[in-house]
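First comes the structure, then the notes that go with it.
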Amino acid sequence: MRIYVTRRIPDAGLDLLRQSYPNFSMNPEDRVLTRAELLENVRGLDGLLSLLTDKLDGEAMDAAGPNLKVIANHAVGFDNVDLRAATARGILVTNTPGVLTDATADHAWALLFAVARRIPESENFLRAGKFTGWGPLMFLGGDITGRTLGIIGAGRIGHSVALKSKGFLMRVLYSDEVVNSTLESELDARKVSLDELLRESDFISVHVPLLPSTRHFINRDTLRLMKRTAYLINTSRGPVIDEGALAEALRDGVIAGAALDVFENEPAVHPELLKLSNVVLTPHTASATFDTRNKMATMAAANLIAALAGQRPPNLVNVEAWGKHRT
Ligand code: DGY
């Protein structure tokens with residue numbers, strides 16, 4: 001079996017992979033492969049352990065050839081993989097759900113606090129030697145306790161973000177296609193329309209997958225529905241927000257602030273965002289804790305091993321490919 005890992009992942013995953021496939025290959029450099037390198041390195045593979053930064057479309061699958069049986073993505077998100085193309089070719093695609101829920105939700109909270117209480121901005125001020133004494137008007141920010149939290153997408157991660165608001169006695173609104181009865185019973189959370197959520201919330205945390213229907217769903221118009229004192233937090237996927245429109249809204253005081261872990265054209269960040277002090281930016285690190293990344297690596301490796309052993313991988317995404325898959 002020929003197996004390739006597109007970039008070094010934590011040892012926990014590599015060790016597991018090595019037990020079944022001691023001769024697997026891996027990108028020797030700690031960087032994203034270029035397109036040409038990706039197309040070259042997938043050739044003749046049976047199994048590919050990929051990252052969210054690898055674009056795996058029909059062309060890449062065809063470059064791999066007819067033996068490719070599984071793409072084990074080291075991420076819960078899988079918008080980098082063309083599922084339809086994979087299913088059409090009988091290639092199984094897997095992801096790493098669950099293990100990064102809390103880490104990502106914790107990071108959403110870290111961002112929420114950072115932007116509302118202006119932590120990076122005030123720390124930079126202090127480090128620059130500008131702190132000359134306490135001032136009654138210095139770095140005023142937004143209150144958190146008792147305010148309204150709006151969760152867009154109350155799946156695993158949105159649910160976890162909402163539950164963690166308990167300690168801050170927040171009123172919780174959520175928008176989703178389905179009712180989340182746990183949030184309703186535990187937090188008295190209310191399912192509302194997107195418009196109502198945007199109008200009513202003081203903090204809005206986005207947790208939707210990237211789909212044609214969610215691309216730019218936060219745009220000039222939806223931003224204008226938000227309170228001028230509200231904050232927007234995004235740990236899902238960058239393209240769900242129109243970054244140009246967000247930069248404009250932040251600059252013009254349409255909303256109070258934003259905190260982003262994901263970007264429309266990663267790793268690029270909209271240049272106007274970089275100029276603004278009311279936005280906190282982290283480099284797609286919401287799941288970056290030691291334990292979480294070990295679990296993601298182990299899970300991705302286990303999915304790949306199961307698929308190549310002819311078993312249904314535990315975290316199969318394109319379930320419709322099962323039964324029609326390559327063996
Ligand atoms: C994912 O897994 O999809 C996150 O974006 C990175 O951990």
Side-chain angles (χ1 to χ4, degrees), residues 5-14 16 27 30-33 48-57 70-83 86 92-112 151-161 164 205-212 214-215 217-218 232-241 243 258-269 280-304 313-318:
V5 181
T6 61
R7 185 171 180 171
R8 189 181 183 95
I9 57 168
D11 285 344
L14 297 179
L16 182 62
N27 171 6
D30 186 19
R31 61 166 176 82
V32 180
L33 293 171
L48 178 65
L49 198 150
S50 57
L51 304 185
L52 60 87
T53 40
D54 303 315
K55 185 173 182 221
L56 296 167
D57 52 10
V70 58
I71 295 172
N73 216 33
H74 179 275
V76 65
F78 43 82
D79 46 277
N80 59 309
V81 185
D82 183 338
L83 278 194
L92 304 176
V93 179
T94 66
N95 69 341
T96 62
V99 292
L100 48 82
T101 300
D102 278 318
T104 306
D106 292 351
H107 196 79
W109 276 99
L111 289 175
L112 186 155
I151 302 286
I152 303 182
R156 272 183 299 259
I157 299 172
H159 178 100
S160 175
V161 171
K164 291 172 202 288
S205 195
V206 182
H207 303 284
V208 292
L210 177 60
L211 301 168
T214 59
R215 187 174 288 272
F217 88 103
I218 300 286
L232 179 69
I233 293 104
N234 188 17
T235 52
S236 62
R237 283 292 182 263
V240 304
I241 296 180
E243 256 173 33
L260 311 173
D261 183 53
V262 286
F263 303 93
E264 204 174 331
N265 299 302
E266 281 180 30
V269 178
V280 174
L281 309 165
T282 54
H284 205 148
T285 48
S287 70
T289 72
F290 294 106
D291 281 0
T292 296
R293 287 287 165 84
N294 279 339
K295 287 178 187 160
M296 288 168 69
T298 310
M299 208 167 185
N303 279 319
L304 184 138
N315 309 106
L316 182 61
V317 176
N318 56 343

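Indexing begins at 1, ligand by ligand and atom by atom, following the structure's order.
Below 3.5 Å of separation, one finds no N or O of Arg293 facing any N or O of ligand 1. An N or O contact shorter than 3.5 Å is missing between Leu52 and ligand 1 by distance. Close N/O approach between Ser236 and ligand 1 is not found [any backbone or side-chain N/O within under 3.5 Å]. Considering backbone and side-chain N/O of Ala75, none are found under 3.5 Å from N/O of ligand 1.
The ligand atoms of ligand 1 that sit less than 4.0 angstrom from a heavy atom of Ser287 are 6 (C), 7 (O). Close contacts between ligand 1 and Val76 involve ligand atoms 1 (C), 2 (O), 3 (O) [criterion: under 4.0 Å to a heavy atom]. Near Arg237, with a cut-off below 4.0 Å to any heavy atom, the atoms of ligand 1 are 1 (C), 3 (O), 4 (C), 5 (O). Of all atoms in ligand 1, numbered sequentially from 1 with element shown, those under 4.0 Å from a heavy atom of Leu100 are 2 (O), 7 (O). Contact atoms of ligand 1 toward Met296: 2 (O), 7 (O) (distance under 4.0 Å to a heavy atom of the residue). For ligand 1, the atoms sitting less than 4.0 Å from at least one non-hydrogen atom of His284 are 4 (C), 5 (O), 6 (C), numbered in the order shown with element in parentheses.
In this structure, the separation between CG on Leu304 and CG on Leu49 is 6.0 Å, given to the nearest 0.5 Å. Distance check: Leu232 CG to Leu111 CG gives 11.0 Å after rounding to the nearest 0.5 Å. Distance check: Ile157 CD1 to Ile151 CD1 gives 11.0 Å after rounding to the nearest 0.5 Å.
Using a distance-only test at 3.5 Å, with no hydrogens or angles considered, no donor-acceptor pair links the side chain of Asn303 to the main chain of Ala72. At distances below 3.5 Å, not a single donor-acceptor pair connects side-chain atoms of Arg237 with backbone N or O atoms of Pro209.
Residues Lys164 and Asp102 have side chains in contact (heavy-atom distance under 4.5 Å, counting atoms from C-beta outward).
Distances from ligand 1 to the non-hydrogen atoms of His74 include no value under 4.0 Å.
With hydrogens and angles left out, the side-chain atoms of Asp261 and Thr282 include a donor and acceptor closer than 3.5 Å. No side-chain donor from either of Asn27 and Thr6 sits under 3.5 Å from a side-chain acceptor of the other.
Neither the backbone nor the side chain of Thr96 has a heavy atom within less than 4.0 Å of ligand 1.
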